[in-house]
Structure formats: structure tokens, C-alpha cells
Number of protein chains: 2
Amino acid sequence: MSDSTSGKGRESKSMKSIDRVYKYVRQYIRDNAISPSVRDICAGSGLKSTSSVHTYLRKLDEMGKIEYRPGMRRAIILKDTDSATVTPVPSSDVVAVPVIGKITAGQPIFAHEDYEENIFISRSVIGSNECFLLKVSGTSMINAHILDGDYILVRKQNHADEGDIIAALIDNEATVKRFGKLNGVPYLFPENDLYSPIPFNTEDCQILGKVVGLHRYSIS
Amino acid sequence: MSDSTSGKGRESKSMKSIDRVYKYVRQYIRDNAISPSVRDICAGSGLKSTSSVHTYLRKLDEMGKIEYRPGMRRAIILKDTDSATVTPVPSSDVVAVPVIGKITAGQPIFAHEDYEENIFISRSVIGSNECFLLKVSGTSMINAHILDGDYILVRKQNHADEGDIIAALIDNEATVKRFGKLNGVPYLFPENDLYSPIPFNTEDCQILGKVVGLHRYSIS
DNA sequence: TCAAAAGTCAAACACTTGTTCATGAAAGCT
DNA sequence: AGCTTTCATGAACAAGTGTTTGACTTTTGA
């Protein structure tokens with residue numbers, strides 16, 4: 001019944017009970033998305049009396065760490081929170097953008113869980129567009145300063161203007177290239193002299209979207 | 001007691017009850033951060049019997065719109081569902097990172113509000129480090145693929161290893177350079193042949209932190 | 001060393017709240 | 001019109017859960 005946050009129970013003996021209570025509440029809410037009951041906290045904090053837990057919850061409320069509404073069941077909410085580092089985030093200001101991993105053969109790339117994780121991005125940089133992230137592998141776009149390991153932010157659309165850097169699906173493989181034309185014929189241009197332009201034929205190629213941003217977390 | 005989500009109660013008469021229930025649950029959770037009780041939903045949806053609400057909740061669970069755990073109080077959670085675009089964000093997963101604008105003359109750069117805005121970044125890419133963002137101006141680091149207009153993510157620290165790309169304060173101006181040594185003497189190296197290395201003397205120079213990431217939102 | 005304060009517990013109580021049941025009205029269908 | 005199905009209601013029950021009380025133990029401080 002209350003085993004979801006399986007495990008540990010009492011923590012390091014040195015930590016004070018009130019800390020254990022707070023930590024456990026935090027953990028529980030993160031895991032279960034609902035508040036724990038007093039008795040859940042008992043089990044999770046090592047305290048054996050609901051009374052003790054109750055006392056600490058009230059104290060944590062006074063300290064401003066949580067909001068504890070008298071009488072209500074499972075009504076603890078975290079008062080965000082310590083410092084300016086972790087801030088209360090108005091969730092409308094943040095968007096969870098999926099990182100598309102390997103593109104499987106089937107058509108609906110975005111449909112279910114082809115992605116492994118979400119990265120949160122400020123809405124201010126995305127607006128109301130539908131976006132996703134793609135991890136770059138290879139150096140074919142190095143002259144456009146897009147490196148191996150970068151995450152590119154792609155705004156979904158199925159057309160492209162000449163000169164746009166886009167994400168496209170070629171033979172069921174996702175790549176990043178610059179879209180352009182050569183003598184009126186559409187091509188996908190790598191930005192690396194070692195690679196050759198790829199003819200863009202609508203049979204094997206599908207435009208996923210336009211690259212509107214880039215995240216890099218491996219600096220060297 | 002249950003007036004927090006003050007107001008409207010029953011909605012457009014045309015809407016079916018099950019929709020009103022779902023909408024109200026959604027609304028309530030958004031407003032109060034905890035699940036409503038069956039009786040709360042009664043009041044909010046216009047239904048007068050807990051039994052009716054209970055039926056619909058169970059149905060919504062079968063439909064996969066919510067998760068309704070039998071017996072638990074205030075334990076409804078939304079099974080997200082439709083958009084995937086706007087998600088309830090566990091705020092501990094997101095950090096607000098300040099964008100440092102102009103560096104004013106005074107010492108404590110980070111102290112108060114020298115910054116203009118925050119950008120939200122996933123905690124998964126930051127960890128527990130203290131970070132800030134700096135907008136790059138100029139092309140002095142172009143060979144390191146850091147462009148004019150990029151935002152660099154800086155982890156605060158006051159030392160640097162040879163080869164690190166760092167943010168430093170030179171004569172009260174913030175710059176990005178690679179830290180290194182020439183004949184044992186520390187220098188700040190631009191990554192652009194048009195610029196010359198800058199001798200790093202501890203009088204005028206202060207290390208702000210190490211560059212650990214990069215965001216670019218102007219692709220061309 | 002002694003008394004006050006703080007920490008912890010068990011048990012009981014009372015209220016919130018999920019769940020069920022029987023009933024009745026409204027709507028669909030033959 | 002009759003029958004079935006759906007929708008809704010109110011009442012009652014049972015369980016989960018917040019809260020209180022009093023006692024016991026440990027720590028703190030003079």
C-alpha cells in the first residue's frame with residue numbers, strides 16, 4: 001500500500017528526524033505525484049508514531065518549507081523552497097521537449113515513446129511551436145558550428161526555405177543538413193568539405209523541421 | 001473549505017458530466033497542487049451525488065485519462081495525455097539560471113539583480129552546481145565554435161585548469177577565453193587568429209567559472 | 001544532580017472521504 | 001406502451017487519515 005517509494009526507510013542515524021521527514025515528503029511527492037499520508041511518512045522516516053510526524057509536519061509548515069492544511073488528507077505541498085537556486089517554476093513558462101533517440105522504421109516518429117527523455121526549455125525560446133531535440137552524431141555540419149554530440153532544437157514543419165538548416169529523414173535515418181538548390185534541383189548540403197551534397201528526392205526524404213536552436217553540453 | 005477554486009460550478013449545459021468532472025479535476029489540481037476529493041468534485045461539477053462522481057472517476061481511469069487509486073484519499077493524478085506539449089513540471093527537475101547582462105563595476109556580480117532574465121534548464125544537465133548564463137558578443141572564440149549571440153553556460157568556480165574554456169572578468173568586463181600557459185605564464189587565448197592572447201595577471205583578471213554548456217537560438 | 005525541555009511513542013478519537021446500495025427519473029429502443 | 005439502459009440521487013457504511021492526549025525516555029542546562 002505504501003511501498004511505492006520502496007526501500008530505505010530510516011536514513012543516516014545522524015540526520016535529525018525533522019530532516020528525514022522533510023526529505024521523505026519531498027521524495028514521495030516526486031515519485032508518486034501525490035502527498036504522502038502521515039502514516040506513509042511514519043514508515044518512510046523511521047518514526048513509529050503518527051504523533052511525532054504530525055508534530056514535525058506542523059513545524060515544517062511554520063518554517064515555511066511545506067504547506068500543511070489542517071484536516072485535509074494527503075494535502076501537503078512543497079513550498080518551493082530553499083534558495084534562489086531552485087525556484088518555483090510557473091509550469092507554463094517551461095516546456096518539456098522530447099529528445100528523439102533512434103528513429104525507428106515505422107512512420108509515426110513522434111507518436112509514442114521513441115524518445116528517451118525530456119529536456120526542459122524555457123517557453124520564451126520556443127513560443128508555441130512544437131519542437132523536439134535531436135542529438136547530432138558526426139561532423140558533417142562542422143562549418144555551421146554544429147558539432148558531434150550537440151543537441152539541436154527542431155521546430156516541426158514539413159517545408160523548408162532555401163538556406164535553412166533542417167532536420168530531415170533520409171532512408172529512415174535522421175540527419176541535419178542545409179537545404180538548398182543547385183541549378184533548380186533541391187539538395188541537402190553538409191557543411192563539411194569532406195562530404196558531398198545529397199540530392200533531395202521526395203521519395204526517400206522527409207523534412208522533419210527547421211533547426212531553431214542548439215544545446216551543447218560537452219565543451220572542450 | 002472547498003471554495004478555493006472559487007466559482008463557476010456547473011459549466012455549459014451542453015457538456016456531458018464526465019467532461020465536466022475531468023475538466024474540474026484538471027483545474028483543481030492546477031490551482032491547488034493536490035487532488036480534489038470526490039465531494040470537492042461534486043461541488044465543482046454540478047453533480048450532487050458522490051456516487052455519480054465516483055462512477056465517472058472510475059470511467060476516466062479506464063479511459064486512461066486519470067489514475068484513480070482505489071481507497072486512497074485525494075489520490076487522483078492526471079495521466080498526461082493529450083498534448084505532451086505543456087506538461088506539469090516537477091519543479092525540482094528544473095532550475096532557473098540567471099542570464100547575466102552587463103557586468104557593473106561593483107564587485108558582487110551575482111549578488112542582486114544584475115541580471116535581466118532567467119532561463120530554465122533541466123537539472124539533469126546542471127546537477128547541483130551553481131551556474132549562470134552569459135551572452136557572447138564578438139567572434140573571438142569562433143574556432144571553438146562559440147559564436148556571437150550564443151549563450152554560454154558557466155559553472156561558477158574560481159580556478160581553472162590548462163585548456164579549460166572559462167568566463168573571466170578582465171578590467172571589469174566579462175569575456176570568454178581558453179585558459180592556458182605560454183612558457184609557464186598564464187594566458188587567456190582567444191580562438192580566433194585575428195586576436196592575440198591576453199596575459200592573465202591576477203590583478204585585473206578574475207575567473208568567474210568554467211564554461212560547461214552553450215545555447216544558441218540564432219541559427220543561420 | 002535535579003528539573004525543565006525536547007523527542008518519541010502508543011492508543012484512542014473524530015472527521016474526511018472512498019465505496020456501495022437501493023431507488024427513481026430520463027432516455028432509447030422494439 | 002413496455003422494457004432496458006443510462007444517468008443521477010441520497011443515505012449509509014467502512015476505511016483511511018488527521019489530531020489529541022498522556023506517559024515515558026532522552027537531552028539540555030543550571
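All chains are named by letter (A, B, ...) in the order of the sequence lines, taking the proteins before the strands, and each is independently numbered beginning at 1. Model, not experiment: these values are computed from the prediction. When reading the values below, keep in mind they use all heavy atoms of this one structure, side chains included, and skip hydrogens, waters and symmetry mates.
Nearest-nucleotide positions on DNA chain D for A/Ser35 and B/Val53 put B/Val53 closer to the 5' end.
Note on B/Leu47: only backbone sugar-phosphate atoms sit closer than 4.0 angstrom, heavy atoms only; bases stay farther off. Note on A/Thr50: a base of the nucleic acid sits closer than 4.0 angstrom, heavy atoms only.
Rounded to whole angstrom, the span from the CZ atom of A/Arg20 across to the P atom of C/dG7 amounts to 13 Å. Taking atom CG on B/Asp19 and atom P on D/dC7, their separation rounds to 12 Å, with Å as the unit. Put simply, CZ on B/Arg39 is 11 Å from C1' on C/dC15, counting in whole angstrom units. Atoms CZ (A/Arg69) and P (C/dT16) sit 16 Å apart, rounded to a whole Å. Atom CD1 in B/Ile66 sits roughly 13 Å away from atom C1' in C/dG18 (whole-Å rounding). Taking atom CE on B/Met72 and atom P on C/dT16, their separation rounds to 21 Å, with Å as the unit. We find that NZ of B/Lys48 is positioned 16 Å from C1' of D/dA11, with the value rounded to whole Å. One can place CD1 of B/Ile34 at 9 Å from P of C/dT17, the figure rounded to the nearest angstrom.
If you check distances only, the side chain of A/Ser51 does reach the base of D/dT21 with a donor-acceptor pair under 3.5 Å. One donor-acceptor pair, N or O on each side, does fall under 3.5 Å between the base of D/dG10 and the side chain of B/Ser49.
Taking the charged nitrogens against the carboxylate oxygens, A/Asp40 and A/Arg74 do have a contact shorter than 4.0 Å, which makes a salt bridge.
Contact between the side-chain N/O atoms of A/Lys59 and the OP1/OP2 oxygens of C/dG7 is found at a separation under 4.0 Å. When the side-chain nitrogen and oxygen atoms of B/Tyr68 are compared with OP1 and OP2 of C/dT19, one or more of them lie within a distance under 4.0 Å. Proximity of A/His54 to the phosphate of D/dG18: no side-chain N or O atom is located under 4.0 Å from OP1 or OP2. Close to D/dT17, at under 4.0 Å from its OP1 or OP2, lies a side-chain N or O of A/Arg74. Phosphate contact (OP1/OP2 of C/dT20, side-chain N/O of B/Arg58, threshold under 4.0 Å): present.
Comparing D/dA12, D/dA8, C/dT16 by their nearest atom to the side chain of A/Arg73 picks out C/dT16.
B/Arg20 and B/Tyr24 share no donor-acceptor pair across their side chains, judged by distance under 3.5 Å alone. For the residue pair A/Tyr217 and B/His215, a side-chain donor N or O sits within less than 3.5 Å of a side-chain acceptor on the partner.
Between A/Val97 and A/Phe120 the shortest side-chain heavy-atom distance does not fall below 4.5 Å. Between A/Ser140 and A/Lys177 the shortest side-chain heavy-atom distance falls below 4.5 Å.
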